[in-house]
Amino acid sequence: MDAEELMMYMLLDMSVKGSYSFRVKSILKNMDCYPVQEKGDDEILKSSKPDFIGINYYSSICVKENKEHRINYQLPPFFRSSMFEVCPNEHLKKTKWMSNGIDPLGIRSIIYKIYNRYALPIIITENGMAYSDVLENNRVHDTYRIEYLSAHIKEVLRAKEEGYPVFGYCPWSFIDVVSSHQGFSKRYGLVYVNRTDQDIMDCKRYKKDSFYWYKEIIERNGENI
């Protein structure tokens with residue numbers, strides 16, 4: 001619960017409700033990290049809220065009790081805590097670039113949690129499979145990406161069928177783009193870009209098998225999943 005409060009709900013609560021939860025307020029004050037408030041701040045923060053919430057989902061994250069209460073400063077900021085620590089989920093299939101594991105059920109779970117807390121329409125703004133794709137005879141046979149996207153879209157559609165207002169789904173990404181840490185070694189695109197980190201090459205585009213598969217999916221609005 002603390003991990004969700006600090007890693008996910010804290011910023012969304014402020015963006016949607018204009019205030020932190022009582023639990024987060026208590027944690028921040030005990031850490032002497034609570035922001036300085038001035039007169040009129042509450043009115044400004046509560047005066048507007050978003051029309052919808054966009055969710056970027058790739059994999060779920062597991063946590064366990066931080067028994068030593070030591071903060072790992074090698075982790076990203078919101079992953080650092082003396083109360084919990086991120087740990088592997090041994091039940092999930094992992095890949096080189098998906099180290100947390102592949103968890104399609106997680107995307108439906110987060111739709112439930114976000115809507116039940118904020119009651120705002122939802123769009124999946126990013127969801128995708130990272131892989132070091134290989135171009136062979138001008139083709140990329142990325143069945144692994146098709147399997148990943150298919151499994152996740154099924155879960156999104158199930159939530160939508162149950163009544164949750166999911167009004168859009170956007171795979172990441174249409175074309176291979178530069179990853180912030182792994183360059184072109186880590187690819188998400190439905191379209192392959194012919195270059196490497198060391199060699200620009202011709203940057204020619206090649207439609208992957210997932211491109212043709214997804215083309216049929218959007219033509220039928222997911223009915224053929």
Side-chain angles (χ1 to χ4, degrees), residues 1-17 20-28 30-31 33 50 52-118 120 122-132 144-145 147-159 164 166 169-173 177 179-182 185-188:
M1 185 196 74
D2 284 336
E4 286 187 332
E5 286 286 340
L6 294 173
M7 297 170 71
M8 180 170 64
Y9 295 138
M10 181 170 69
L11 297 181
L12 270 175
D13 279 353
M14 184 57 71
S15 299
V16 177
K17 300 179 179 181
Y20 296 124
S21 68
F22 292 122
R23 175 64 175 159
V24 167
K25 285 181 181 178
S26 175
I27 292 171
L28 293 179
N30 288 336
M31 294 173 62
C33 291
F52 60 88
I53 293 178
I55 296 175
N56 295 352
Y57 179 89
Y58 294 91
S59 58
S60 57
I61 296 175
C62 274
V63 296
K64 63 180 180 180
E65 180 187 6
N66 188 342
K67 293 183 178 180
E68 296 182 354
H69 301 289
R70 292 179 181 175
I71 298 177
N72 183 357
Y73 288 99
Q74 300 300 313
L75 294 172
F78 287 100
F79 286 51
R80 304 172 190 167
S81 175
S82 61
M83 296 180 291
F84 60 84
E85 59 180 308
V86 176
C87 62
N89 184 341
E90 301 300 338
H91 300 285
L92 299 180
K93 177 183 177 182
K94 299 172 179 60
T95 70
K96 177 181 179 181
W97 299 122
M98 309 288 282
S99 58
N100 288 329
I102 297 174
D103 184 12
L105 183 58
I107 198 169
R108 177 154 56 94
S109 174
I110 199 64
I111 289 171
Y112 292 163
K113 290 181 178 182
I114 293 296
Y115 185 79
N116 290 345
R117 188 166 181 130
Y118 302 109
L120 287 172
I122 289 170
I123 179 172
I124 306 300
T125 40
E126 290 185 23
N127 177 232
M129 170 72 171
Y131 206 86
S132 297
Y144 41 85
R145 183 168 290 108
E147 291 173 358
Y148 175 96
L149 292 174
S150 178
H152 286 72
I153 293 171
K154 282 180 181 178
E155 298 297 339
V156 174
L157 289 174
R158 180 170 176 181
Y164 286 84
V166 181
Y169 171 91
C170 307
W172 185 265
S173 57
V177 295
S179 175
S180 58
H181 292 79
Q182 296 87 11
S185 299
K186 184 181 183 181
R187 297 171 181 264
Y188 286 94

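Each residue takes its place number in the sequence, starting with 1. Side-chain atoms are counted along with the backbone in the values below, which use heavy atoms only and exclude waters and symmetry mates.
The heavy-atom pair separating A159 from Y112 by the smallest distance is CB-CE2, 4.3 Å. Minimum heavy-atom separation, V63 to V86: CG1-CA, 4.1 Å. Across every non-hydrogen atom of L149 and P171, the tightest pair is CD2-CB, 4.4 Å. When all heavy atoms of I107 and E155 are compared, the pair lying nearest together is CG2-CB, 3.7 Å.
For the residue pair T125 / N56, a side-chain donor-acceptor distance below 3.5 Å is found, with atom types taken as modelled. In the model, Y148 has a side-chain atom that pairs as donor or acceptor with a side-chain atom of N127 under 3.5 Å.
S99 is not listed as a side-chain neighbour of K94, based on a closest heavy-atom distance of 4.5 Å or more. Side chains of I27 and D2 form a contact here, defined as non-hydrogen atoms less than 4.5 Å apart. Two residues are said to be in side-chain contact when any heavy atoms from C-beta on lie closer than 4.5 Å; I153 and I124 fail this criterion. When side chains are defined from C-beta on, I55 counts as touching I122, because their heavy atoms get closer than 4.5 Å. A heavy-atom distance below 4.5 Å is found between the side chains of L6 and M83. Side-chain contact check for I123 versus V166: every heavy-atom pair is 4.5 Å or farther apart. Looking at S81 and I71, their side chains never come closer than 4.5 Å, going by heavy atoms from C-beta outward.
At most 12 non-hydrogen atoms from other residues, nucleotides or ligands lie less than 6.0 angstrom from CZ of F52. Counting non-hydrogen atoms of other residues, nucleotides and ligands closer than 6.0 Å to CZ of F84 gives a total above 12.
Annotation: the span from K25 atom NZ to M10 atom CE amounts to 13.5 Å, rounded to 0.5 Å. The distance from the OG atom of S59 to the NE2 atom of H152 is 8.0 Å, given to the nearest 0.5 Å. Once rounded to the nearest 0.5 Å, the distance linking SG of C87 with NZ of K64 reads 5.5 Å. Interatomic distance, L105 CG to S60 OG, rounded to the nearest 0.5 Å: 8.5 Å. Rounded to the nearest 0.5 angstrom, L12 CG and K17 NZ are separated by 10.0 Å. Going from atom CE of M98 over to atom CG of D103 covers 10.0 Å, rounded to the nearest 0.5 Å.
Considering W172, Y58, Y169 in turn, Y58 is the only one that fulfils the side-chain hydrogen bond (donor to acceptor under 3.5 Å, both in side chains) rule with E126.
Side chain of R145 to backbone of M129: a donor-acceptor contact under 3.5 angstrom is found. Formation of a donor-acceptor pair under 3.5 Å by the S15 side chain with backbone atoms of L11 is found in this model. Not a single donor-acceptor pair under 3.5 Å links the side chain of S132 to the backbone N or O of K186. Side chain of Y164 to backbone of Y115: no donor-acceptor contact under 3.5 angstrom is found.
Residues satisfying the side chain to side chain contact (heavy atoms under 4.5 Å, CB included) test with S185, not counting sequence neighbours, are W97, D197.
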| said: Show, in sequence, the C-alpha distance, side-chain angles and deciding distance for I111 and V156, and conclude whether the side-chain contact (heavy atoms from CB on, under 4.5 Å) test is met. | reply: CA-CA 8 Å; I111 289 171; V156 174; 4.3 Å; yes

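Salt bridge annotation for R117-D13: present, with a cationic side-chain nitrogen under 4.0 angstrom from a carboxylate oxygen. A salt bridge is absent between K113 and E5; no separation between the charged side-chain nitrogens and carboxylate oxygens falls under 4.0 Å. We find that R70 and E68 are joined by a salt bridge, their nearest charged nitrogen and carboxylate oxygen being less than 4.0 Å apart.
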